[in-house]
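Residue numbers start from 1 in every chain, and the chains themselves are labelled A, B, ... in the order their sequence lines are given, proteins ahead of strands. Everything numeric here is computed off the predicted structure, so don't read it as measured data.
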2 protein chains.
Amino acid sequence: MSSPGSDPKPSSGTTLPRRRGRPQQFNAQDGVAIAARLFHRAGYEGVSVADLTQALKINPPSLYAAYGSKLGLFERAIRAYAADELAQVQQALRAERSAAEALGGLLETAAIRYSSRPATPGCMIATALQSHDDAARGIAVTLTRQNEALLEEYLWPSASPGKARTIVQFVMQNLRGLSLNARLGYSSDDLVRSARIAAGAVSDLLETP
Amino acid sequence: MSSPGSDPKPSSGTTLPRRRGRPQQFNAQDGVAIAARLFHRAGYEGVSVADLTQALKINPPSLYAAYGSKLGLFERAIRAYAADELAQVQQALRAERSAAEALGGLLETAAIRYSSRPATPGCMIATALQSHDDAARGIAVTLTRQNEALLEEYLWPSASPGKARTIVQFVMQNLRGLSLNARLGYSSDDLVRSARIAAGAVSDLLETP
DNA sequence: CAATTAATATAGCGAGCGCTACATTAAACC
DNA sequence: GGTTTAATGTAGCGCTCGCTATATTAATTG
């Protein structure tokens with residue numbers, strides 16, 4: 001009966017020998033994913049604790065026991081989202097092709113991603129960048145700075161540091177514009193068209209030394 | 001004593017023969033300008049009625065008597081802002097030069113405008129586009145659609161309707177990205193550099209028929 | 001001078017917010 | 001079984017939100 005293997009919902013990746021006390025009746029990781037969807041759609045302040053507890057089918061004390069606070073859950077949600085996006089982006093960059101092609105692919109796939117799930121349009125991080133809550137926005141700023149730094153380092157073999165910085169800023173500017181336009185309801189085709197124009201400009205920049 | 005000329009603060013542009021009742025002790029137009037600054041900085045939901053009454057040095061009933069509601073004041077504020085911006089944009093477009101130069105100038109001056117007043121960075125409309133309040137966002141969407149339509153019509157002599165639409169979407173995407181980057185604290189030089197890259201892409205699009 | 005009209009100041013309503021005290025329930029330990 | 005540990009459900013705290021009822025003040029009107 002008490003064998004570890006019978007644990008139906010291990011909240012961590014490794015199978016633990018189930019702790020004492022009443023077991024958690026919901027999966028905390030699933031909760032993060034659900035919260036991420038809500039926060040992506042409506043932003044940090046657009047989602048209330050009541051919304052979250054209703055979506056996770058738990059009561060407030062369970063949420064606070066599991067995540068500490070609304071902000072704590074938001075941080076876990078946006079970090080999970082960022083890790084997911086980062087994996088996709090790095091896959092786009094790691095492919096054996098030129099930096100121009102890679103950045104073009106990055107822009108184009110972003111355009112598609114931003115508009116492929118109408119319930120969660122745009123980029124969650126770009127959306128969170130404009131929260132009025134200082135702490136929530138701070139988390140988004142930190143994540144976006146990390147992504148900018150990563151892109152910049154990726155470009156160092158292909159461009160001077162200054163030029164890399166310029167290109168990254170232009171790319172981020174367009175990604176953020178794409179995210180906003182996706183949230184405004186622009187079609188996937190429209191977004192891809194605009195992404196390709198930006199990609200062309202990046203390509204020109206990389207070609208002229 | 002009761003001559004109209006002695007009216008110290010006519011709330012309307014025309015000098016009225018002062019109505020009956022206790023006179024308004026604040027200038028409603030000034031109030032709109034002050035509110036516009038607050039809303040520009042912090043967005044619709046980032047400014048409370050208490051913030052507004054404190055900034056206008058009035059009590060809530062006076063605000064509601066003058067503007068109807070917080071949303072009413074926001075609408076007057078953002079419309080005033082939009083009219084102001086529209087005048088500057090139309091001046092940029094009306095100049096006798098090519099569409100490419102005009103759009104390039106539009107992008108560049110926007111980059112400068114968005115970063116010239118650190119207390120109110122970015123574009124107020126672009127910022128308001130992401131409010132969580134449906135009514136406030138709706139007003140911003142309406143204004144931005146009007147601006148898009150205007151830009152599109154401006155381009156009709158220079159490009160096919162489809163191409164005009166594409167160019168406008170790309171320009172708006174970059175304006176919105178510039179606005180967000182301005183709010184993130186990017187320097188004026190950085191913004192202008194990115195704006196010029198976008199302008200170059202627009203120029204290319206207009207040159208290739 | 002009243003009577004009328006309108007903007008003011010005081011004070012607080014109802015609702016929603018993030019969050020928590022408290023008692024209860026369900027598991028592991030001995 | 002009894003004890004310990006932890007997650008749960010109920011209920012509601014303190015606060016801020018947009019907004020307003022009420023009484024008061026300051027002007028025009030006759």
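The side chain of P60(B) sits closest to dC19(D) out of dC17(C), dT8(D), dC19(D). Among the nucleotides dC17(C), dA26(D), dG18(D), the one closest to the side chain of A50(A) is dC17(C). The listed nucleotides are dC19(C), dT20(D), dT25(C); the one nearest the side chain of P61(B) is dT20(D). Comparing dT25(D), dC19(D), dA9(C) by their nearest atom to the side chain of R22(B) picks out dT25(D). Listed nucleotides: dA7(C), dG18(D), dT8(D). Nearest to the side chain of Q24(B): dA7(C).
A salt bridge does not link E148(A) to R165(A): none of the charged nitrogens lies less than 4.0 Å from a carboxylate oxygen. Comment: R137(A) does not engage E75(A) in a salt bridge, judged by the lack of any side-chain N to carboxylate O separation of less than 4.0 angstrom. The pair E108(A)-R196(A) meets the salt-bridge criterion, since a charged nitrogen lies less than 4.0 angstrom from a carboxylate oxygen.
Between the CZ atom of R20(A) and the C1' atom of dC29(C) there is a distance of 5 Å, rounded to whole Å. Atom CD1 in I58(B) sits about 17 Å away from atom C1' in dT25(D), given to the nearest Å. As a whole-Å value, the separation of H132(B) NE2 from dC17(C) P is 13 Å. Taking atom CD of residue E45(A) and atom C1' of nucleotide dC17(C), one finds them 11 Å apart after rounding to whole Å. The distance from atom CG of D51(B) to atom C1' of dT16(D) is 11 Å, rounded to the nearest whole Å. Between K70(A) atom NZ and dC19(C) atom C1' there is a gap of 12 Å when expressed in whole angstrom units. L71(A) places its CG atom 8 Å from the P atom of dC19(C), with the value rounded to the nearest Å. Taking atom CG of residue L38(B) and atom P of nucleotide dG18(D), one finds them 12 Å apart after rounding to whole Å.
Using a distance-only test at 3.5 Å, with no hydrogens or angles considered, no donor-acceptor pair links the side chain of R76(B) to the main chain of V32(B).
Looking at which nucleotide of DNA chain D each of S48(B) and P23(A) is closest to, the 5′-most match is held by P23(A). With the nearest nucleotide of DNA chain C identified for both S69(A) and N59(B), N59(B) has the one nearer the 5' end.
Between R19(A) and dA7(D) there is a side-chain N or O to OP1 or OP2 distance below 4.0 Å. Distances shorter than 4.0 Å separate none of the side-chain N or O atoms of S62(A) from OP1 or OP2 on dA7(D). The phosphate of dT20(C) (OP1 or OP2) has no side-chain N or O of Y64(A) nearer than 4.0 angstrom.
Ring pair F39(A)/Y44(A) is parallel by interplanar angle, where below 30° counts as parallel and above 60° as perpendicular.
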